[in-house]
Amino acid sequence: LTDPASVRVDVTPPTVTFVNVLSNGLFDPTASNPDTITITFTTSEPVQPPVVTITGSTLPPGAITGGGDSWNAGPRVVVPNDRQFTDPNGCVTFSIVLTDLAGHTAAPVVAVVGAPGTPKCPTTRVDLDLAPPVFLWLQTNTITSTAMTFDVALNEPATLYFVAVPQGSAVPTPAEVKDGYGSGGAASASSGSPAYAGSTVPSP
């Protein structure tokens, strides 16, 4: 026999007590390909493995780790197609569906809980930048056989790759420029990859 006074009846769906969204990119909370996104969360009671969707993609069971009342979802790689699943501000969208051990399923969780958002993404924190930077203007100052100086403005912070090659040389590919070479692997007169955080030089 069981003492009725010792029986606990669970009739309440689980809730989240903490949810945070993180990117592993250098510019977190802005993420881009091939950065990854991970969601960490805790729950009010032990739950079955949750169902988690990030930017329209339901994560496979192997991407959901943890147990009991503490879980991680991801890492999930950002891909160009994710743009169509962001909100109007370009913010990540996600949902977490919890089911407790008694089988009660809660309404989807779609916002951070107990963690700060950002001014751009107050409810999901991470925004996606899937468009390449744009040159606003570029002005070369000096070009010699061994060096080049220039002023430039871009529409956002970025790493700026450049090479200088002899006049008349074939145009190198973007991959060759990133590696610091001229076309076909030829040596460049000058190359670099400075970080661009903003320009204080007036537009020419």
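Only a predicted model underlies this, so the values are computations on that prediction, with no experimental measurement involved.
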Mind checking whether L154 and L130 sit in one hydrophobic cluster, side chains of I, L, V, M, F, W, Y counted as touching below 4.5 Å?
no

If we ignore hydrogens and angles and just use 3.5 Å, is the side chain of D129 paired with the main-chain N or O of T30 as donor and acceptor?
no

Report yes if the side chains of P172 and V163 come closer than 4.5 Å at any heavy-atom pair, otherwise no.
yes

Flag for T58-T53: side-chain donor and acceptor within less than 3.5 Å
yes

Nearest 0.5 angstrom please: T65 OG1 to W71 CH2, how far?
8.5 Å

Modelled atom types, side-chain donor and acceptor of T105 and T99, under 3.5 Å:
yes

Is a side-chain N or O of T15 found less than 3.5 angstrom from the main chain of S44, in a donor-acceptor match?
no

Going by heavy atoms in the side chains, are L160 and F150 under 4.5 Å from each other?
yes

Between V19 and F94, is any pair of side-chain heavy atoms under 4.5 Å apart?
yes

Inter-residue atom distance N89.CG - T123.OG1, 0.5 Å rounding:
9.0 Å

Say you draw a straight line from CD1 of I39 to OG of S95; how long is it, rounded to the nearest 0.5 Å?
8.0 Å

Within a strict 4.5 Å, meaning less than it, do heavy atoms of the S183 and V165 side chains meet?
no

Quick one: pull up CG in L136 and CG in N155 and give me the separation to the nearest 0.5 Å.
5.5 Å

Closest non-hydrogen atom pair between G185 and E176, with its separation:
N-OE2, 3.8 Å

About how many Å separate OG1 of T40 and CG of L22, when rounded to the nearest 0.5 Å?
5.5 Å

Any side-chain heavy-atom pair of V92 and L128 under 4.5 Å:
yes

Check C91 against K120 and note the closest heavy-atom contact, atom names and distance.
SG-O, 3.4 Å

Check the surroundings of atom OH in Y181: do more than 12 heavy atoms from other residues, nucleotides or ligands lie under 6.0 Å from it?
no

Tell me whether D100 contacts the main-chain N or O of A102 through its side chain, where contact means a donor paired with an acceptor under 3.5 Å.
yes

Same apolar cluster: V109 and F85, side chain cutoff 4.5 Å:
no

Taking all non-hydrogen atoms of both residues into account, name the closest pair between I64 and P50 and its distance.
CG2-CD, 3.8 Å

Minimum-distance pair of heavy atoms, taken over all atoms of A63 and L59:
CB-CB, 4.1 Å

Do Y196 and P133 make a side-chain contact, defined as non-hydrogen atoms from C-beta onward lying under 4.5 Å apart?
no

Transitive ILVMFWY side-chain link F135 to F162, under 4.5 Å:
yes

If I compare all heavy atoms of V112 with all of P122, which pair ends up nearest, and what's the gap?
CG2-O, 4.1 Å

Will you find, in the side chains of S193 and T159, an N or O donor that is under 3.5 Å from an N or O acceptor?
no

Only one of T38, D82, D35 clears side-chain hydrogen bond (donor to acceptor under 3.5 Å, both in side chains) with R76; which?
D82

Identify the heavy atoms of S23 and G25 that sit nearest to each other, and give their distance.
OG-N, 3.0 Å

Please confirm whether the backbone N or O of I54 pairs with a side-chain atom of S57, one donor and one acceptor, at under 3.5 Å?
no

Check the hydrophobic clustering (I, L, V, M, F, W, Y; side-chain heavy atoms under 4.5 Å; chains of links allowed) and say if V52 and V97 are grouped together.
no

Between L98 and V113, is there a shared hydrophobic cluster once you connect ILVMFWY residues whose side-chain heavy atoms come closer than 4.5 Å?
yes

Note, P174 side chain near Y161 side chain (heavy atom, < 4.5 Å)
no

Under 4.0 Å between a Lys/Arg side-chain N and an Asp/Glu carboxylate O for R125 and D28?
yes

From I37 atom CD1 to T124 atom OG1, the distance as rounded to the nearest 0.5 Å:
9.0 Å

